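For clarity, every value in this text was computed on a predicted model and none was experimentally measured. Each residue takes its place number in the sequence, starting with 1.
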Amino acid sequence: FGCNNGACIGGVHDVGLVDFTNSVNKIFLEYKNGTAILGKNPVLFCNDIIKAKVKVENKGDFSENINMNGSLNGANFLINNIINSVPGDTNFRSSLSPYISLSDLNGFYSIIVSASIPLDKNLSDNSAIRTILVQCGECSTDYDCSDDFYSESYCLQNDVYRDMHDFSCL
């Protein structure tokens with residue numbers, strides 16, 4: 001990009017998703033209340049509402065308008081595009097309200113997020129996939145259910161909370 005011996009040298013168009021703190025396969029997950037979902041293979045519960053967050057880097061030589069897309073097993077979720085990202089710039093993007101609903105899901109699912117621009121030189125880093133396990137499960141006795149547990153602490157306004165996951169048969 002520029003000139004060399006009187007001849008023009010072309011630049012490249014290139015954006016990509018990059019790993020960051022607590023992301024797995026370049027995707028960070030959190031509950032709607034902001035509590036991080038840590039671990040490579042998280043077990044989530046039907047009716048949970050979660051958010052996906054990614055970090056996008058402009059690795060090329062030009063300012064770019066980056067189109068963002070997200071889906072959970074083919075069902076799209078909202079995520080803002082990035083406008084006028086300059087070379088070397090990094091931007092975080094999160095799924096938007098109403099976020100990602102796990103309602104009525106049970107089993108393994110893929111969350112996919114992608115960043116795209118026209119003429120991207122390296123497409124290998126433009127998308128990321130993170131697998132989650134969603135459990136709804138039915139049981140006939142309390143013994144069939146998982147052990148009860150508390151969530152990690154999280155802040156909501158000026159208070160600290162922990163959610164109790166109490167498994168029992170109804």
Do [X] and [Y] come close enough that some side-chain heavy atom pair is under 4.5 Å?
X: L17; Y: E57; answer: no
X: N41; Y: L133; answer: no
X: F28; Y: F20; answer: yes
X: V12; Y: N122; answer: no
X: Q135; Y: V43; answer: yes
X: I49; Y: I100; answer: no
X: M68; Y: V54; answer: yes
X: N106; Y: V134; answer: no

Interatomic distance, [X] atom [atom1] to [Y] atom [atom2] [nearest 0.5 angstrom]:
X: T131; Y: N25; atom1: OG1; atom2: CG; answer: 7.5 Å
X: R93; Y: N80; atom1: CZ; atom2: CG; answer: 6.0 Å
X: N91; Y: E64; atom1: CG; atom2: CD; answer: 12.0 Å
X: I83; Y: N67; atom1: CD1; atom2: CG; answer: 8.0 Å

Verdict with reasoning, I37 to Y31, per side chain to side chain contact (heavy atoms under 4.5 Å, CB included):
CA-CA 7 Å; I37 300 170; Y31 292 101; 3.5 Å; yes

Backbone N or O of [Y] within a donor-acceptor pair of the [X] side chain at under 3.5 Å?
X: N126; Y: A115; value: yes
X: S85; Y: I82; value: no
X: D120; Y: I117; value: no
X: S101; Y: S103; value: yes
X: R130; Y: I27; value: yes
X: S95; Y: K51; value: no
X: N58; Y: V15; value: no

Can you name the nearest heavy-atom pair linking [X] to [Y], along with the distance?
X: K53; Y: S94; result: CG-OG, 3.4 Å
X: S63; Y: P87; result: N-CD, 4.0 Å
X: F77; Y: S71; result: CE2-N, 3.2 Å
X: P42; Y: L29; result: CG-CD1, 4.4 Å

If you apply the rule side chain to side chain contact (heavy atoms under 4.5 Å, CB included), what do you find for L102 with I132, and how did you get there?
CA-CA 10 Å; L102 305 181; I132 59 172; 4.1 Å; yes

For I112, which fellow cluster members are found when Ile, Leu, Val, Met, Phe, Trp and Tyr are connected by side-chain heavy-atom distances below 4.5 angstrom, either directly or through intermediates?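 Cluster partners of I112: I129.
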
Original post:
Any salt bridge between K59 and D125, counting N to O under 4.0 Å?
Top reply: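 Yes.
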
Do N65 and N81 pair up side chain to side chain, a donor and an acceptor below 3.5 Å, judged on atom types alone?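 Side chains of N65 and N81: no pair found under 3.5 Å.
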
query: For N76, does the CG atom sit with more than 12 other heavy atoms under 6.0 Å from it, leaving out its own atoms?
result: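 Yes - once you tally the heavy atoms of other residues, nucleotides and ligands closer than 6.0 Å, there are more than 12.
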
Next item on the list: Count the heavy atoms of every other residue, nucleotide or ligand shown that sit under 6.0 Å from CZ of F92, and state whether that count exceeds 12.
Entry: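 Counting neighbours around CZ of F92, more than 12 heavy atoms of other residues, nucleotides or ligands fall under 6.0 Å, so yes.
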
Subject >> Pair V113-N69, side chain to side chain contact (heavy atoms under 4.5 Å, CB included): steps then yes or no >> reply: CA-CA 6 Å; V113 179; N69 292 293; over 6 Å; no

